[in-house]
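Quick note: residue numbers are just sequence positions, from 1. Here the structure is a predicted model, which means the values were calculated and not measured.
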Amino acid sequence: QVQLVESGGGLVQAGGSLRLSCAASGRSLSSSAMAWFRQAPGQAPGKEYEFVAGMSWNGDYLDYRDSVKGRFTISRDNAKNTLNLQMNSLKAEDTAVYYCAGKRGVVRRAPILYDYWGQGTQVTVSS
């Protein structure tokens, strides 16, 4: 059983930065594809979890949603069993609860394909 715990969320002004971390315990994530999702308030049913960024087990494949490209950077440290998300130039529309998630195999954008999830960390960007 894998447990994921996110940290690093908070309140920041627009244009600011935050760095989210996801620490895993229970087993190694070194063979897992990992991703960050977010859930903004008022999202329509069926679209609750929005893919933000994903990384393959060895870091060779990265995927970002268009709205965060050039502003967010996903990274992982398999030796420390951690996943990170550096968020720069934050905008009000980035406000959401951010979740890390993992799965076997390759990165996919569909949240239903992910096997384990953290509890989430709140990011609030004030305009």
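- Listed by chain and number, the residues in a side chain to side chain donor-acceptor pair (under 3.5 Å) with S67 are R65 (sequence neighbours excluded).
- Every residue was checked against the salt bridge (Lys or Arg N to Asp or Glu O under 4.0 Å) condition with R108, not counting sequence neighbours, and none meets it.
- Residue pairs satisfying the ring pair (Phe, Tyr, Trp, His ring centres under 6.0 Å) criterion with at least one member in residues 3-44, sequence neighbours excluded, are listed as follows: F37-F51, F37-Y114, F37-W117.
- Residue pairs meeting the disulfide (SG to SG under 2.5 Å) criterion with at least one member in residues 58-99: none, sequence neighbours excluded.
- The side chain to side chain contact (heavy atoms under 4.5 Å, CB included) check on V123 picks up L18, L20, M87, Y98, V125, with sequence neighbours excluded.
- By the side chain to side chain contact (heavy atoms under 4.5 Å, CB included) test, Q86 is found to be paired with S17, R19, T73, N88, residues two or more places apart in sequence or in another chain being considered.
- For residues 49-127, the pairs satisfying disulfide (SG to SG under 2.5 Å) are C22-C100, with sequence neighbours left out.
- Note: Y49 and Y99 meet the aromatic proximity criterion, with ring centroids under 6.0 Å apart.
- Applying the side chain to side chain contact (heavy atoms under 4.5 Å, CB included) test to S56 and every residue at least two apart in sequence or in another chain returns N58, D60, Y61.
- Qualifying salt bridge (Lys or Arg N to Asp or Glu O under 4.0 Å) partners for D63, counting only residues two or more places apart in sequence or in other chains: R109.
- Partners of R104 by salt bridge (Lys or Arg N to Asp or Glu O under 4.0 Å), not counting sequence neighbours: none found.
- Here salt bridge (charged side-chain N to carboxylate O under 4.0 Å, His left out) pairs that include residues 76-90, with residues two or more places apart or in two chains, number zero.
- Not counting sequence neighbours, S31 has no partner by the side chain to side chain donor-acceptor pair (under 3.5 Å) test.
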